[in-house]
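See below for the structure under consideration.
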Amino acid sequence: MKFGLLLFSLLFSSLAYGQETIRGMVCDETDSAGVMGVVVDCTADSVLVARVVTDGKGKFAVTADGRKTTLIKFTHVGYAPYFLSLPVQKKQDIDLGVIYLKPADTALGEVTVVANANRIDRTLVIPSKQDVRVSEDFYGLLLTMNLRNMKVDVLNKKVTVGGKRPLWKINGIPKDESEIATVRPQNVERIEYSDLPSAREADRGYGGVVNIILKKQDNGVMIAANAMTAFTTGYVNGGVQALYHKDKNDFYVTYSTSYRGYRKWTKDENSLFISPVDTIVRNATGVESRFGYISQNINLGFMRAIDARTAFSITLRNPLYYQHNIPKSILQNGVNRETNSSYRGYTPAVDVFFGKTFSNNDRLELNVVGTYSLKGKSLYTTTDVLNGQNTGTYTMPADTKRRSLIWEAFYSHNFGQMRLMVGVQNTMGKSTNTYYNPSVSRDELSENNTYAYTQLSGALGKLQYSLGTGLKYNNMDNGQRREYWRNQSQLTLSYSPSKNLFLRYYGVYYPTMPSLFALTSVVQRIDDLQLLTGNPTLRSTQNFYNSMLVSYSRNKFNSDLQVTYRYADRPIFMHIDYDNGQQLFVQRYINGIYGSQLNLNYSASLKEIFGFMNVSGECGYSYFRSKAETLAHTLGNFYWSMTVQLYYKQFTLSAYMMQPRKVLDNEIISRDEKVSRITLAWKKQNLTLTAAVFNPFTPQGSNYIDQSLSKYNPGKSKVAIHDNGNMFTLGFSWNFSFGNKGNSSRRSLNNTDSGNSILRANP
């Protein structure tokens, strides 16, 4: 299998791929009208192999030999010629979309666009028929495609890029992650992927961008549904989407849900509380307890493609979340401890977008988002009982309200082989938290976060470069006003000495501001030994990140070798010390001295082995260093993962295993669960059925391990979800659509309120 990959031109907004049958539409750049009579010539090895002429709507279809590099030339009297070079491809029909021709009197000259697997800001990947065939759903497709720096959690339907959430788009339209579950692999035309957030996305906390380009939507109705459930465990993931597309308009509604209702959740703890006068041993043996949550997302949307270059959309988002955890344990002195922890919240939002591409290919985008949290409720109560008698009750009820207004203005301008982006982002938010213990107190927190940025990208021969910088202003007020002025900058350099080899350097400096809840002065009682509070004196953290990548691909083999180094000056983290006056241990946020991480990672994939097998995997080593107050800590460890897929006709059998790495975060060493699964999938046209076993032969199920290196509170804890051991699931996905082909509008902003203001304890 050879991926079809194409480097987008900086001077034209619509490019595409070609294989056996190449389709598209040619329009006038000044008014977006279709151009009739454009001559489309296909040349291979300097020999003309096909010639067609566009019809009255500017549409064309031409057949070329996918085994050879094809040069396509578009010519018409009064317009500048346009050239497109397509690489050798495995035969597969591709729609080029809209190609814009410049009038001859304003043209900058001929432009040749050369296909390339990697460019400085994104990688363009077309899933092969085998990729689609062996993927039970979209998350399975991402896992199969083995995208750089992407981690896919198939069990919980979560994706991270570089440890952070990605910015999701479908046909350039920003989407919530809850809307991704309804995407079917066979509907994916290509994926435009970046594991490097640009200056534009950096301040929003994204680790990368995943733009899913779907095949053309039909005029009419499209319905898609999927679900996965376990019959012996409270486990459900599902979603449904209904979309009506008519010419320039899209109306859609999506619903997704994730439900967990575990009954065999345990947490074991062994820790010490060391004060100047005494050492208290606190060992807790976990008792099987209930843990659960339900997340629901209902989204209503309307989009209108005013013309081929102008789009408007409005989306109403309705996320609802409820979590309830009742961990039970027996302490070493015979005390039975039960903690009742719950949280519920509803944060509706209105998202309005406008985007326009001008005749010179400049691009303007405007986005406004308003959110209002309807009184989130948090409860945390610990009760100790000895011999039937209540020996202590410690409660931390709290309510929170939050409202925010987020807006962004973005403009890009192309000149020569360079592209300049400028933009401004602003978030204004206000939270009102009410704490009820030890007495009723209100904590009002407000913020004004403004970020202005610019980024210049271009190329000098085979060397591509991108330089971005921005000024960040953050104003926080919770009775004490704080102002932060910080710079945020990044540099990317890439070089391709050959078609198989790609080299890249990425360096970024960025500040991390203290969160609103970390700045609170409210003090709450957790249990008989501990208090919880914030720290109004926190300073911002300065972060430095560097990455070197060597990527090699040949035929069906792809590999990446990556070295990264991250350094944080004055990192913010939760610290515990002893208060002599109150004779209690206090958990509070502080600034450490430093934290660093060196990571070496190698990943590789080999596809279509013997015509029925795919193999991919990664291995790596991480080394951490941190220092807080007078204590310094280090940690080094290996990690790995592997996926094997076997396919025959409509059936696919896959196995996945993963050994997670341990992470040192200041004074805490943590390790996520080990994961393994075996999946059998059957596909027939629009229906996919799956059966899977998660963590086979592992009665303990999922295990999460934490170790505290604190001077005052050293210890270890282990959370086990026994329900996930040998968990058998059944799932399906189905879609139905009818109508004629049409075009959809596009947008590329996705601003959401990620602010969290309330101070809560973790059970």
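- For the pair Phe60 and Met25, the tightest heavy-atom approach, listed with the atom from each and the gap, is CE2-N, 3.9 Å.
- Remark: Arg661 CZ to Asn601 CG distance equals 8.5 Å, nearest 0.5 Å.
- A side-chain donor-acceptor contact under 3.5 Å links Thr257 to the backbone of Ser295.
- Residues Arg317 and Asn297 fail the side-chain proximity criterion, which asks for heavy atoms closer than 4.5 Å.
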Run the salt bridge (charged side-chain N to carboxylate O under 4.0 Å, His left out) check on Lys607 and Asp131 step by step: do they pass? CA-CA 9 Å; Lys607 296 188 175 182; Asp131 289 337; 3.0 Å; yes

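- Between Thr254 and Val240 the shortest side-chain heavy-atom distance does not fall below 4.5 Å.
- Heavy atoms only, all atoms of each residue included: Pro660 and Glu673 are closest at CG-O, 3.6 Å.
- Residue Lys164 qualifies as enclosed at atom NZ: its count of foreign heavy atoms under 6.0 Å is above 12.
- In this pair, Trp168 and Phe138 present their aromatic rings perpendicular. The plane angle is above 60°, beyond the 30 to 60° band.
- Distance CZ/Arg148 to OG/Ser194: 9.5 Å, rounded to 0.5 Å.
- A search for side chain to side chain contact (heavy atoms under 4.5 Å, CB included) contacts involving Ser616 returns Asn146, Ser605, Thr643, not counting sequence neighbours.
- Contact between Lys169 and Asn211 at its shortest, heavy atoms only, is CB-OD1, 3.3 Å.
- The shortest side-chain heavy-atom distance between Val350 and Val369 does not fall under the 4.5 Å cut-off.
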Dump the intermediate steps for side-chain contact (heavy atoms from CB on, under 4.5 Å) on Asn614 and Leu606, then the final yes or no. CA-CA 6 Å; Asn614 296 334; Leu606 185 59; over 6 Å; no

I would like to know whether Asn724 and Tyr262 meet side chain to side chain donor-acceptor pair (under 3.5 Å); could you show each step before the answer? CA-CA 9 Å; Asn724 282 346; Tyr262 296 133; 3.0 Å; yes

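- Annotation: the span from Met658 atom CE to Asp672 atom CG amounts to 7.0 Å, rounded to 0.5 Å.
- Contact check for Lys683 versus Pro185: side-chain heavy atoms found under the 4.5 Å cut-off.
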Side chain to side chain donor-acceptor pair (under 3.5 Å), that's the test. Do Thr160 and Lys151 meet it? Break it down for me. CA-CA 5 Å; Thr160 59; Lys151 303 297 181 186; over 6 Å; no

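- Annotation: cation-pi geometry satisfied between Arg200 and Phe410 (NZ/CZ under 6.0 angstrom from ring centroid, within 45° of ring axis).
- Between Gly376 and Tyr343, the closest heavy-atom pair is CA-OH, 4.3 Å.
- Atom CG in Leu142 sits 12.5 Å away from atom CG in Asp153 (nearest 0.5 Å).
- Of all heavy-atom pairs spanning Ser135 and Thr144, the tightest one is OG-OG1, 3.4 Å.
- More than 12 heavy atoms of other residues, nucleotides or ligands lie within 6.0 Å of NZ in Lys356, so this atom counts as buried by the packing criterion.
- By the 30° and 60° cut-offs, the orientation of the rings of Phe302 relative to Phe251 is tilted.
- In this structure a side-chain-to-backbone donor-acceptor pair under 3.5 Å is present from Asp55 to Gly58.
- Taking the centre of each ring, Tyr647 and Phe612 stay at or above the 6.0 Å mark.
- Between Leu147 atom CG and Asp560 atom CG the span is 10.0 Å, to the nearest 0.5 Å.
- Residues His324 and Tyr293 are not in side-chain contact: their nearest non-hydrogen atoms beyond the backbone lie 4.5 Å or more apart.
- Taking 4.5 Å as the limit, some side-chain heavy atom of Tyr235 sits within range of a side-chain heavy atom of Met727.
- Side-chain atoms of Asn226 do not come within 3.5 Å of backbone N or O of Asp137 as any donor-acceptor pair.
- By the neighbour-count criterion of 12 heavy atoms within 6.0 Å, atom CE of Met613 is densely surrounded, having more than that number from other residues, nucleotides or ligands.
- Tyr193 places a side-chain heavy atom less than 4.5 Å from the side chain of Met150.
- Atom CZ of Arg671 sits in a crowded spot, with more than 12 heavy atoms from other residues, nucleotides or ligands closer than 6.0 Å.
- Judged by distance alone, with hydrogens and angles left aside, the side-chain atoms of Thr233 form a donor-acceptor pair with the main-chain N or O of Asp723 at under 3.5 Å.
- Counting only heavy atoms from C-beta outward, the side chains of Phe353 and Leu366 never approach each other to under 4.5 Å.
- Smallest separation of non-hydrogen atoms from Tyr639 and Gln659: CB-O, 3.3 Å.
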Between Tyr648 and Leu646, does the side-chain contact (heavy atoms from CB on, under 4.5 Å) criterion hold? Intermediate values first, please. CA-CA 7 Å; Tyr648 177 73; Leu646 306 174; over 6 Å; no

Test log, rule side chain to side chain donor-acceptor pair (under 3.5 Å), inputs Thr371 and Thr347: CA-CA 7 Å; Thr371 71; Thr347 309; over 6 Å; no

Intermediate values then yes/no, side chain to side chain donor-acceptor pair (under 3.5 Å), Ser341 and Asn325: CA-CA 5 Å; Ser341 172; Asn325 191 7; 5.7 Å; no

Using side-chain contact (heavy atoms from CB on, under 4.5 Å), reason through Val675 and Tyr656 one step at a time and then give a plain yes or no. CA-CA 8 Å; Val675 177; Tyr656 172 74; 4.0 Å; yes

Assess the residue pair Thr315 and Tyr252 against the criterion (side-chain contact (heavy atoms from CB on, under 4.5 Å)); give the C-alpha distance rounded to whole Å, side-chain angles, the decisive distance to 0.1 Å, and a yes or no. CA-CA 9 Å; Thr315 305; Tyr252 64 89; 3.3 Å; yes

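- Remark: of the listed residues Val188, Asn558, Ile191, Ile191 is the sole one forming a side chain to side chain contact (heavy atoms under 4.5 Å, CB included) with Met145.
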